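Here is the structure we will look at.
No hydrogens, no waters, no symmetry mates; every other heavy atom, side chains included, goes into these values. All values reported here derive from a predicted model rather than from experimental measurement.
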Amino acid sequence: MTRTVLTYGTFDLFHIGHLNILKRLKEQGDHLIVGVSTDEFNAVKGKKPIVPYDQRVEIVRSICYVDEAIPEDNWGQKREDITKYDVNVFGIGDDWRGKFDDLEDKVDVIYLPRTSGISTTEMKRVLSAFDERHVSELKRTLDSLSQIVKELS
């Protein structure tokens with residue numbers, strides 16, 4: 001009997017933490033389905049991804065641990081997808097601990113630890129500090145360093 005695992009996420013600025021959780025979820029079953037939040041659903045959640053949905057879902061589909069990637073466009077979809085795809089396990093990062101316990105009447109719910117030291121939120125926070133002036137200053141500094149390296153070579 002196939003053991004199907006289901007998860008959801010935005011997967012913006014795809015990083016090693018995303019890869020790690022998908023790998024660990026795949027270890028929980030035979031078939032991993034990943035719901036990727038659409039741009040419209042992210043707007044409902046108050047999020048604005050940097051990478052558009054069509055690119056994020058393509059990245060997720062290309063991951064070797066992922067058997068299927070589907071759009072996530074509403075909160076109620078989880079219950080519907082559990083039935084539609086005959087899901088056995090719902091898994092998600094432990095930053096959501098307790099938020100999906102109501103699904104335990106249909107599936108095993110697991111919360112997996114996040115990869116320490118990396119998060120999309122933190123990456124966005126750091127990137128937001130770079131305005132056009134900072135980028136110009138950084139470029140000038142790199143150009144100066146490049147010139148020094150040329151002169152020393």
Inter-residue atom distance I33.CD1 - T7.OG1, 0.5 Å rounding: 11.0 Å
For a quick test of reading the model, state the closest non-hydrogen atom pair linking S37 to K45 and the distance between them. OG-NZ, 2.9 Å
Within the side chain of K23, is there an N or O that forms a donor-acceptor pair under 3.5 Å with the backbone of E27? no
Hey, what do you get for CG (D67) to OG1 (T4), rounding to the nearest 0.5 Å? 8.5 Å
When rounded to the nearest 0.5 angstrom, what distance separates CG in N88 from CE in M1? 5.0 Å
What pair of heavy atoms forms the shortest contact from P71 to T38, and how long is it? CB-CG2, 3.9 Å
Let me check something: do V34 and V87 share a hydrophobic cluster, defined by ILVMFWY side-chain heavy atoms less than 4.5 Å apart, either directly or through other members? no
For the backbone of Q77 and the side chain of N74, can you confirm whether one donor and one acceptor N or O come within less than 3.5 Å of each other? yes
Would you give me the side-chain donor-acceptor pairs under 3.5 Å for residues 99-113, sequence neighbours excluded?
unit_1 : atom_1 : unit_2 : atom_2 : d
D101   : OD1    : Y111   : OH     : 2.8
D105   : OD1    : R79    : NH1    : 3.3
D105   : OD1    : R79    : NH2    : 2.9
K106   : NZ     : T83    : OG1    : 3.2
Y111   : OH     : G98    : N      : 3.3
Y111   : OH     : F100   : N      : 2.9
Y111   : OH     : D101   : N      : 3.2

When you look at T10 and N42, which way does the side-chain hydrogen bond (donor to acceptor under 3.5 Å, both in side chains) test go after all the steps? CA-CA 8 Å; T10 298; N42 274 308; 2.9 Å; yes
Side-chain touch L19/Y65, heavy atoms, less than 4.5 angstrom: yes
Could you tell me whether the side chain of R3 and the main chain of Q28 form a donor-acceptor pair under 3.5 Å? yes
Quick check: is L25 connected to V60 through a chain of hydrophobic side chains (ILVMFWY, heavy atoms under 4.5 Å apart)? yes
Shared hydrophobic cluster, I16 / I92 (ILVMFWY, side-chain heavy atoms < 4.5 Å): no
For residues 50-63, which residue pairs pass the salt bridge (charged side-chain N to carboxylate O under 4.0 Å, His left out) check, not counting sequence neighbours? D39-R56
Could you tell me if K78 sits above the aromatic ring of F90, with its cationic atom closer than 6.0 Å to the ring centre and no more than 45 degrees from the axis? no
Report yes or no: do L6 and W75 belong to one cluster of Ile/Leu/Val/Met/Phe/Trp/Tyr joined by side chain heavy-atom distances under 4.5 Å? yes
As a quick check of understanding, evaluate salt bridge (charged side-chain N to carboxylate O under 4.0 Å, His left out) for K47 and D12, giving each step before the final call. CA-CA 10 Å; K47 294 171 131 184; D12 196 19; over 6 Å; no
Consider only side-chain heavy atoms of I, L, V, M, F, W and Y, link residues closer than 4.5 Å, and tell whether V57 and Y85 are in one cluster. no
Side chains of L22 and L32 in contact at under 4.5 Å (non-hydrogen atoms): yes
Rounded at 0.5 Å granularity, tell me how far CG in D81 sits from OH in Y8. 3.5 Å
After noting the C-alpha distance and the side-chain angles of D95 and R114, does the key distance pass the salt bridge (charged side-chain N to carboxylate O under 4.0 Å, His left out) rule? CA-CA 8 Å; D95 52 324; R114 296 170 56 103; 2.9 Å; yes
